[in-house]
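Only one structure is covered here, and it is reproduced in the block below.
Both backbone and side-chain heavy atoms feed into the values below; hydrogens, waters and symmetry mates do not.
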Amino acid sequence: MKKSSSGQNNGARGGRAGSRQGFRSREDRPARAGAPSKKAPAKKAPAKAAGKAPRPSAAARGEKPAARPPARPAAAEAPRQPTRAQAKAAAQEVLATGVQTLVVEPDEADMRVDRFLVARFPQLAFTHIQRIVRKGELRVDGKRADPSDRLTPGQKVRVPPLKLDQPRPVSRNAGKDQSEREFLQSITLYEDKDVLIINKPMGLAVQGGSGTTRHVDGLLECMRDAEGQKPRLVHRLDKDTAGCLVIAKTRFAASTMAKSFRSRTTRKIYWALVAGVPRVRQGRVSTYLAKEGDEGDARMKVAHHGDEGASHALTYYAVVETAAQKLAWLSLKPVTGRTHQLRAHTAHIGHPIVGDPKYFDIENWELPGGIQNKLHLLARRIVIAHPRTGKPIDVTAPLPPHMQQSFNLLGFDTTQYDPIVEAPEE
C-alpha cells in the first residue's frame with residue numbers, strides 16, 4: 001500500500017479554535033485553587049484601657065467614609081456548543097417526529113442532495129433517501145430537487161417526516177470492523193489524510209440496493225471518526241467493473257474532488273477486452289445516451305439530441321493489441337462520465353465487451369476456450385489533483401484475476417506502450 005502525507009490546513013483549524021476560545025481580562029479570570037484570598041482587614045477591638053477615650057468616627061471628624069470596592073461578579077460560563085454527533089442525534093429525533101428545515105453549511109457546499117442527507121442522517125438507508133427525493137417530498141428553497149442536484153451554502157432543505165424503519169446500528173461489532181479495515185487495507189492503492197483510492201474487486205457493489213448487503217459504502221462505516229463522519233464516495237464504478245475507485249476521507253476533499261470530476265480535469269483510462277477488432281485503430285465515439293427499462297434492469301441506449309433524458313457522451317479509444325480477428329485489447333478514455341458509457345459505446349461500434357450481460361449482442365459468438373464469461377473491463381488508471389496541494393495523484397490498478405488469465409492465454413504484454421495516452425482530453 002502506498003502512503004503519502006499531504007499538507008493540512010492547520011491555520012484554518014487553529015483559527016477556528018481561537019475564535020471559540022477568545023480571551024478573558026484579569027478581572028474575569030476565576031480565582032486559582034489554593035491562592036490566598038484578599039479579605040478586608042479585621043476590625044480592631046475597642047481599647048479597654050482606662051483613661052483613653054475612644055477615637056471619634058470618620059463622620060464625627062468630618063471625613064468621608066472610604067467607599068467599599070464593588071463585589072466582583074462571577075465570570076459567566078460560555079454555553080457549550082453541541083458536538084456534531086449531538087447535533088445529529090437531535091436532528092434525527094426531529095426527523096422522526098415531523099418536518100425539519102436544514103440549512104446548508106459552508107463546508108457542505110457543492111454536495112449532491114442525496115449525499116447531503118446521507119451525511120446528515122446516517123441512520124437512513126440510501127434507497128430510502130433516494131425514494132423521498134424522487135417522489136418530490138424533499139424541497140430545496142421551496143422547489144423540487146433531483147438526487148444529483150448540487151447545494152450551495154445558505155440554501156434551506158425541507159425534509160418531510162420519515163419513518164425510521166431501517167435504523168443503522170448504534171454500536172458496531174469490533175471484530176467485524178477490524179476485519180473490514182483489514183480488507184480495505186488489502187485493496188488500497190493510495191491513502192493519505194484526505195484521499196483513499198482502492199482497487200475495487202469485480203462483483204463488489206459501490207452502493208447498496210435491492211438485495212445488495214455488502215458494498216463499498218457500507219464497508220466505509222468502519223472508518224467513521226470521533227464526530228461520526230465517514231469517508232465519502234467521489235465517483236462510481238459498475239458492480240462488475242474492477243479497478244481504481246476514489247474516496248474522500250474529509251468533507252473538504254469530497255467537495256474539491258467532485259469539482260475535478262465535473263470539470264473533467266480528472267484523467268481516467270480503462271482497459272477492456274472486446275469481441276472483434278475495430279477497423280479504425282484509434283478513434284472517438286460521440287453519441288447521446290438515455291436510460292431505458294426499469295430501475296433494477298435499466299440499460300443505456302443511443303438516443304438523439306433533444307430526446308427525453310438524453311445526455312451527450314464522448315469516449316476515445318485505441319487498439320493496443322489483437323488476437324487474430326477474434327478479440328482486441330482496447331484502451332479507453334471517457335471524457336464524460338455517463339452510466340454504462342464504455343459498455344454502451346463499445347457495443348454501439350459493434351465490439352461489445354467480453355462477458356457483458358447487458359450489452360453483448362453478437363449472435364452465435366462463442367467464447368474462446370479458457371476465457372471466463374465475466375465482464376472484462378478495468379478502471380486501469382486515474383490521475384486527479386490532490387484536494388489540498390493541487391499536485392497530481394497518479395494511481396494504476398492491476399488486472400483482476402479473470403482478465404489476467406485471459407491476457408496470459410492471449411499473450412498480451414501489459415508493459416507495452418498505451419496509445420490512449422495521446423488521446424485528447426476533451
Side-chain angles (χ1 to χ4, degrees), residues 107-131 133 146-151 168 177 180-181 183-185 187-210 212-225 227-268 270 334 336-341 377-379 381-387 393 395 397:
D107 62 350
E108 295 170 324
D110 222 34
M111 288 183 71
R112 285 170 52 114
V113 170
D114 51 3
R115 305 310 303 172
F116 169 80
L117 293 178
V118 168
R120 289 291 190 105
F121 305 107
Q123 87 283 16
L124 291 177
F126 188 70
T127 52
H128 197 176
I129 288 173
Q130 287 185 315
R131 186 163 58 250
V133 176
D146 291 327
S148 60
D149 286 353
R150 303 283 172 172
L151 297 171
R168 296 187 181 182
D177 277 359
E180 291 178 350
R181 286 192 199 99
F183 172 71
L184 288 172
Q185 188 175 10
I187 60 174
T188 295
L189 299 171
Y190 174 92
E191 184 177 17
D192 61 25
K193 292 182 178 180
D194 291 289
V195 183
L196 172 66
I197 303 179
I198 65 171
N199 177 24
K200 188 192 80 65
M202 175 197 166
L204 178 63
V206 172
Q207 288 180 306
S210 178
T212 303
T213 56
R214 191 170 188 265
H215 46 84
V216 175
D217 195 39
L219 293 172
L220 295 176
E221 290 286 343
C222 70
M223 298 181 66
R224 285 192 180 274
D225 59 20
E227 292 186 341
Q229 296 295 313
K230 76 170 186 178
R232 298 167 173 81
L233 298 166
V234 178
H235 67 128
R236 311 287 185 272
L237 290 178
D238 295 340
K239 179 179 179 180
D240 289 330
T241 301
C244 299
L245 181 68
V246 181
I247 298 163
K249 296 176 68 176
T250 62
R251 185 172 287 172
F252 169 77
S255 175
T256 305
M257 291 194 293
K259 291 178 182 176
S260 297
F261 276 93
R262 284 199 311 281
S263 63
R264 302 177 185 174
T265 58
T266 300
R267 186 180 188 184
K268 299 171 286 184
Y270 289 73
T336 54
R338 311 304 178 198
T339 301
H340 296 176
Q341 176 174 320
L377 180 61
L378 168 70
R381 181 181 175 192
I382 194 160
V383 183
I384 186 170
H386 193 279
I393 304 172
V395 178

Run the side chain to side chain contact (heavy atoms under 4.5 Å, CB included) check on Asp217 and Val206 step by step: do they pass?
CA-CA 6 Å; Asp217 195 39; Val206 172; 5.9 Å; no

Decide side chain to side chain contact (heavy atoms under 4.5 Å, CB included) for Ile384 and Val195; before the verdict, give the C-alpha distance in whole Å, the side-chain angles of both, and the deciding distance to 0.1 Å.
CA-CA 11 Å; Ile384 186 170; Val195 183; 5.8 Å; no

Would Leu204 and Leu219 count as a side chain to side chain contact (heavy atoms under 4.5 Å, CB included) if you check the C-alpha gap in whole Å, the side-chain angles of each, and the deciding distance to 0.1 Å?
CA-CA 11 Å; Leu204 178 63; Leu219 293 172; 4.2 Å; yes

For the student: nearest non-hydrogen atoms of [X] and [Y], plus distance:
{"X": "Thr250", "Y": "Arg232", "result": "C-NH1, 3.9 Å"}
{"X": "Thr241", "Y": "Tyr270", "result": "CG2-CE2, 4.4 Å"}
{"X": "Pro334", "Y": "Lys268", "result": "CD-O, 3.6 Å"}
{"X": "Cys244", "Y": "Leu237", "result": "O-CD1, 3.5 Å"}
{"X": "Asp114", "Y": "Pro147", "result": "OD1-O, 3.1 Å"}
{"X": "Leu378", "Y": "Ala397", "result": "CD2-O, 4.0 Å"}

Nearest-0.5 Å distance that lies between atom [atom1] in [X] and atom [atom2] in [Y]:
{"X": "Arg264", "Y": "Thr336", "atom1": "CZ", "atom2": "OG1", "result": "6.0 Å"}
{"X": "Met223", "Y": "Glu180", "atom1": "CE", "atom2": "CD", "result": "11.5 Å"}
{"X": "Arg112", "Y": "Asp146", "atom1": "CZ", "atom2": "CG", "result": "9.5 Å"}
{"X": "Gln341", "Y": "Asp238", "atom1": "CD", "atom2": "CG", "result": "11.0 Å"}
{"X": "Leu184", "Y": "Ile198", "atom1": "CG", "atom2": "CD1", "result": "6.0 Å"}
{"X": "Leu196", "Y": "Leu245", "atom1": "CG", "atom2": "CG", "result": "8.5 Å"}

Output yes when Lys249 and Asp192 qualify as a salt bridge under the 4.0 Å nitrogen-oxygen rule, no when they do not.
no

Kindly indicate whether a cation-pi arrangement holds for Arg214 with Phe183, taking the cut-offs as under 6.0 Å to the six-membered ring centre and within 45° of the axis.
yes

Find out whether [X] and [Y] are in side-chain contact, i.e. whether some heavy atom of one side chain is under 4.5 Å from a heavy atom of the other.
{"X": "Val246", "Y": "Ile393", "result": "no"}
{"X": "Ile197", "Y": "Thr188", "result": "no"}
{"X": "Ile382", "Y": "Thr266", "result": "yes"}

Exam field: side chain Lys239 to backbone Gln207, donor-acceptor pair closer than 3.5 Å
no

